[in-house]
Amino acid sequence: MSTRKILVTSALPYANGPIHLGHLVEYIQTDIWTRFQKMQGHEAWYVCADDAHGTPIMLRADKEGITPEALIAKTSEEHQADFADFNIAFDHYHSTHSDENRELASDIYLKLESAGHIAKRTISQAFDPEKQMFLPDRFIKGECPKCGAADQYGDNCEVCGATYSPTELKNAVSAVSGATPIEKDSEHYFFKLGDFEAFLKEWTTSGHVHESLENKLGEWFEAGLQDWDISRDAPYFGFQIPGSDNKYFYVWLDAPVGYMASFKALCEKQGLNFDEYWAEDSNAEVVHFIGKDIVYFHALFWPAMLKGAGFRTPSKILAHGFLTLNGEKMSKSRGTFIKARTWLDHMPAEPLRYYFAAKLNNGVSDLDLNLEDFVARVNSDLVGKYVNIASRCANFITKKFDGQLTEITEAHPLVAECAAAAPQIAELYEQRDFARAVREIMALADKANQYIAEQEPWALAKDESKLPQVHDICSTGVRLFHILSIYLKPLLPALGEKAEAFLNLPPQQWSDVGQNLSGHAINKFKPLMTRVQSEDIEKVLEVAAEEAKAFAEPEKKVEATNPIADEIEFDDFAKIDLRLATIVEADHVEGADKLLRLQLDLGDETGGVKKQVFAGIKSAYDPEDLIGKTTVVVANLKPRKMRFGMSEGMVLAAGPGGEDLWILEPSNNSRGKFSQAGNRVK
RNA sequence: GGCGAUAUAGCUCAGUUGGUUAGAGCGACGCAUUCAUAAUGCGUAGGUCCCAGGUUCAAGUCCCGGUAUCGCCA
């Protein structure tokens with residue numbers, strides 16, 4: 001088998017927040033695949049970086065009173081600690097805010113520009129006059145133009161699902177300063193994606209992306225490839241575009257370049273040849289693992305950029321689905337948003353690696369973390385089946401045979417069968433069908449346990465003359481455990497190391513599956529892993545629930561502008577006779593700015609009392625809309641002489657004033673009954 | 001709203017180009033066993049393959065319509 005050169009990447013996590021379990025699906029998937037390739041003896045490199053640019057990071061740093069550089073340095077440290085503790089073994093972890101990335105992004109841009117793939121034109125965009133900055137869609141809030149829902153973002157409505165442009169939003173405000181955005185012109189730079197249509201059509205349908213994504217890509221082609229806006233105006237945290245005054249690369253332009261930049265840094269560290277992997281004629285493999293949400297960037301923009309700048313294009317874009325928790329989308333407010341660190345505070349990393357692997361295949365379907373299933377599956381498979389094989393054999397070897405294995409016949413049917421599965425399991429790893437690989441491996445573990453149960457070494461051990469048989473059986477069991485350990489090692493690197501320590505073997509490669517352990521001395525068995533406790537899961541969920549509260553509360557912490565009045569006795573309230581009344585007449589009052597004159601009918605219960613009331617609701621109601629409505633009136637208020645006539649009561653209304661004023665109207669009840677004028681309000 | 005994906009046992013999932021009686025693991029129940037971290041082995045129960053049409057000798061699988069869930073809309 002020839003040695004492959006493979007550069008592997010995971011999508012770059014954004015430096016604006018912590019790593020959560022959803023992120024980990026991808027990093028664990030990528031890590032398993034890369035570890036597998038390394039075990040095969042291939043030259044595989046796994047690089048990643050923090051995605052450190054863009055408006056959200058700039059604003060967050062501003063809010064925290066630190067520089068963006070300080071913010072991303074802090075985040076990077078946290079991200080790397082999280083990854084390390086999940087045994088994600090990057091060969092290099094970089095940042096898109098790095099010299100390598102600046103050089104590469106500029107280089108790619110300049111090449112695209114000189115080849116005529118960059119267009120410049122002026123567009124009009126929302127601008128925050130207070131902060132003196134252009135506002136991305138996500139930073140404009142207002143009312144949905146379709147359904148009127150309040151507090152919606154500038155791109156789509158979370159209530160009715162409508163999509164629109166920020167300029168259509170009603171009563172828009174800047175989420176940054178609260179100011180009303182204005183429209184402002186600015187020159188933007190565009191990458192002419194359409195120039196690459198023919199290339200991309202060919203590229204995307206020739207095995208570089210998963211076929212289930214071809215439909216989706218087809219849609220995009222059908223809609224027509226549009227120019228991509230790659231510039232942002234200052235202030236912006238990013239790289240200045242060469243040859244421009246105040247234009248910066250849009251974060252998504254330099255993000256994928258970060259893959260190259262991280263690898264470049266690795267090259268300097270390891271003395272590798274960058275061009276061997278990235279030159280146009282490179283025969284190395286470049287494999288990107290991504291989530292299905294960013295296929296557009298990786299399957300269209302990215303290969304087009306590389307092609308246009310004279311670099312090689314990716315070998316594979318591998319997209320996975322999203323993580324759900326107990327069947328539901330992870331949500332910060334519902335307390336199902338679990339950070340990597342929260343998990344690690346209460347649980348070991350490897351069971352999660354195993355569980356994800358057991359459910360990952362090469363498709364893009366979503367993956368559910370069912371916590372009950374997780375506990376049962378991990379304990380049953382790993383402790384009950386796999387570790388148990390070593391555990392039940394080791395004592396005999398240690399106590400009766402001084403830790404020495406016997407002559408193991410590789411021709412033993414079960415050993416032969418187990419070892420013969422190597423190519424098939426390797427192929428499943430290669431195809432990223434980890435779920436199937438896990439099933440195959442566990443089926444072999446079942447067979448090992450069956451074998452030991454049938455042979456009953458514990459029964460034979462009672463008879464001195466049968467000890468050689470016991471030795472054979474248990475040595476075979478250990479050998480089977482050895483093979484299974486190699487199969488599981490990409491998934492469970494830490495457990496694999498413990499297994500190697502027990503087996504007294506150096507770090508195992510895939511080819512060691514065939515290694516004969518005859519006469520080999522093993523070490524005393526120590527429990528390799530402990531069972532996952534559901535109480536620990538509970539703790540994780542409790543912390544997530546706490547965080548959900550903290551997430552929800554700040555919104556409620558508003559200053560009381562209109563505090564509740566002093567307490568009163570019931571008698572005080574009972575003195576007020578509130579009645580339902582029908583508005584029978586309503587008209588404007590000559591010479592009054594705020595008043596409307598209402599003629600009210602207080603209904604039969606009052607003996608048909610009619611009252612004239614002047615109400616200060618002109619700013620919010622037209623008289624004709626009021627006629628026929630039933631409302632609430634203070635019926636026993638002492639009449640008061642006003643300039644325009646007698647006011648014999650008071651209509652109740654709520655709201656701060658102006659257009660924001662609402663009179664009260666009784667609602668129909670659930671039994672379909674209607675209230676009547678004259679009913680007392682109590 | 002447009003487009004896409006998914007729907008199979010209590011739970012999590014397999015089911016290859018349509019082809020006998022729809023499978024696995026976990027869970028439940030029963031039995032056996034005690035070397036092993038209450039770990040293993042044998043067995044039993046459990047399914048209207050989301051609903052409704054259609055194609056076919058034959059549909060979990062193909063086609064059409066619907067429902068639900070999820071995602072994407074640069």
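Keep in mind it's a predicted model, so treat the numbers as computed, not measured. We name chains A, B, ... by the order of the sequence lines, and we start the count at 1 in each one. Heavy-atom basis, side chains included; hydrogens, waters and symmetry copies ignored.
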Exercise. Under the 3.5 angstrom rule, does the side chain of A/E440 hit a backbone N or O of A/A421 as a donor-acceptor pair?
Worked result: no
For this session: For B/U12 and B/G27, measure between their C1' atoms and round to the nearest Å.
Result: 11 Å
For this session: Scan A/F196, A/Y109, A/Y250 and name whichever one has a ring pair (Phe, Tyr, Trp, His ring centres under 6.0 Å) with A/F191.
Result: A/F196
For this session: For A/L300, answer base if it contacts any base atom (sugar-phosphate contacts may also be present), sugar-phosphate if it contacts only those atoms, and nothing otherwise; contact means non-hydrogen atoms under 4.0 Å.
Result: nothing
Exercise. When you check the side-chain N and O atoms of A/E427 and A/Q431, is any donor under 3.5 Å from an acceptor?
Worked result: yes
Exercise. What is the per-nucleotide protein-contact pattern of nucleotides 7-15 of chain B, from the 5' end, where B denotes a base atom under 4.0 Å from a protein heavy atom, S denotes such proximity for sugar-phosphate atoms only, and - denotes neither?
Worked result: ----SSSSS
Seminar exercise, completed: To the nearest angstrom, the CG-P distance between A/L323 and B/G71 comes to 12 Å
Exercise. If you measure from the C1' atom in B/G54 to the same atom in B/G18, how many Å do you get, rounded?
Worked result: 15 Å
Exercise. Any side-chain donor-acceptor pair under 3.5 Å between A/D229 and A/Y189?
Worked result: no
Exercise. Atom CG of A/L318 and atom CG of A/N362: how far apart are they, to the nearest 0.5 Å?
Worked result: 9.0 Å
Problem set entry | Euclidean distance, atom CD of residue A/Q226 to atom P of B/C73 [Å, nearest integer] | 14 Å
For this session: In whole angstrom, give me the gap between the P atoms of B/C51 and B/U61.
Result: 11 Å
Exercise. Is there a residue in residues 457-470 of chain A whose heavy atoms reach under 4.0 Å of RNA chain B, and which residues are they?
Worked result: A/W458
For this session: By nearest nucleotide on RNA chain B, pick out whichever of A/F396 and A/R531 is the more 5' one.
Result: A/F396
Exercise. Are side-chain N/O atoms of A/W343 and A/H20 paired as donor and acceptor at under 3.5 Å?
Worked result: no
Exercise. How about A/L460 and A/L467: do any of their side-chain heavy atoms sit closer than 4.5 Å?
Worked result: no
Exercise. For A/L495 and B/U37, what is the distance between atoms CG and P respectively, to the nearest whole Å?
Worked result: 16 Å
For this session: Just call it for A/M529: base, sugar-phosphate, or nothing, with non-hydrogen atoms closer than 4.0 Å on any strand.
Result: base
Problem set entry | Whole-angstrom distance between B/C70 and B/G65, as gauged at atom P | 23 Å
For this session: Pick the P atom in B/C62 and in B/G19, then give their distance to the nearest Å.
Result: 11 Å
Exercise. Between A/I441 and A/L488, is any pair of side-chain heavy atoms under 4.5 Å apart?
Worked result: yes
For this session: Would you confirm whether A/K307, through its side chain, and A/L200, through its main-chain N or O, come within 3.5 Å as a donor-acceptor pair?
Result: no
Problem set entry | Nearest-angstrom distance, C1' atom, B/G47 to B/U8 | 8 Å
Problem set entry | Interatomic distance, A/E456 CD vs B/A36 P [rounded to whole Å] | 15 Å
Exercise. What interatomic distance, in whole Å, is found between P of B/U48 and the corresponding atom of B/C29?
Worked result: 22 Å
For this session: From the options B/G71, B/U37, B/G25, select the nucleotide whose nearest atom is closest to the side chain of A/F525.
Result: B/U37
Exercise. Side-chain contact, heavy-atom cut-off 4.5 Å: A/I123 with A/F190?
Worked result: yes
For this session: Could you tell me which residues satisfy side-chain contact (heavy atoms from CB on, under 4.5 Å) with A/F322, sequence neighbours excluded, listed by chain and number?
Result: A/K292, A/D293, A/D366
For this session: Mind calculating the distance between CD (A/Q533) and C1' (B/A38) to the nearest angstrom?
Result: 13 Å
Exercise. So what does A/F322 touch, heavy atoms closer than 4.0 Å: a base, only the sugar-phosphate, or nothing?
Worked result: sugar-phosphate
For this session: Just call it for A/V387: base, sugar-phosphate, or nothing, with non-hydrogen atoms closer than 4.0 Å on any strand.
Result: base
Exercise. CD of A/E197: more than 12 outside heavy atoms within 6.0 angstrom?
Worked result: yes
Seminar exercise, completed: Whole-Å distance, A/E454 CD to B/A32 C1', equals 14 Å
For this session: Take atom C1' in B/A39 and the same atom in B/U34, then report the distance between them in whole Å.
Result: 10 Å
Just the atom pairs and distances: protein N or O near nucleotides 40-44 of chain B's N or O, under 3.5 Å.
unit_1: B/U40; atom_1: O2'; unit_2: A/R392; atom_2: NH1; d: 3.3

Exercise. Has the side chain of A/Y236 got a donor or acceptor atom that lies under 3.5 Å from a matching backbone atom of A/V251?
Worked result: yes
Exercise. Do A/K447 and A/E417 sit within salt-bridge range, that is, some charged N less than 4.0 Å from a carboxylate O?
Worked result: yes
Seminar exercise, completed: Applying side-chain hydrogen bond (donor to acceptor under 3.5 Å, both in side chains) to A/S186 and not counting sequence neighbours gives A/D233, A/K247
Problem set entry | Secondary-structure notation, RNA chain B, from Watson-Crick and G-U pairs under 3.5 angstrom (| other strand) | (((((((..((((.....[...)))).(((((.......))))).....((.((..]....)).))))))))).
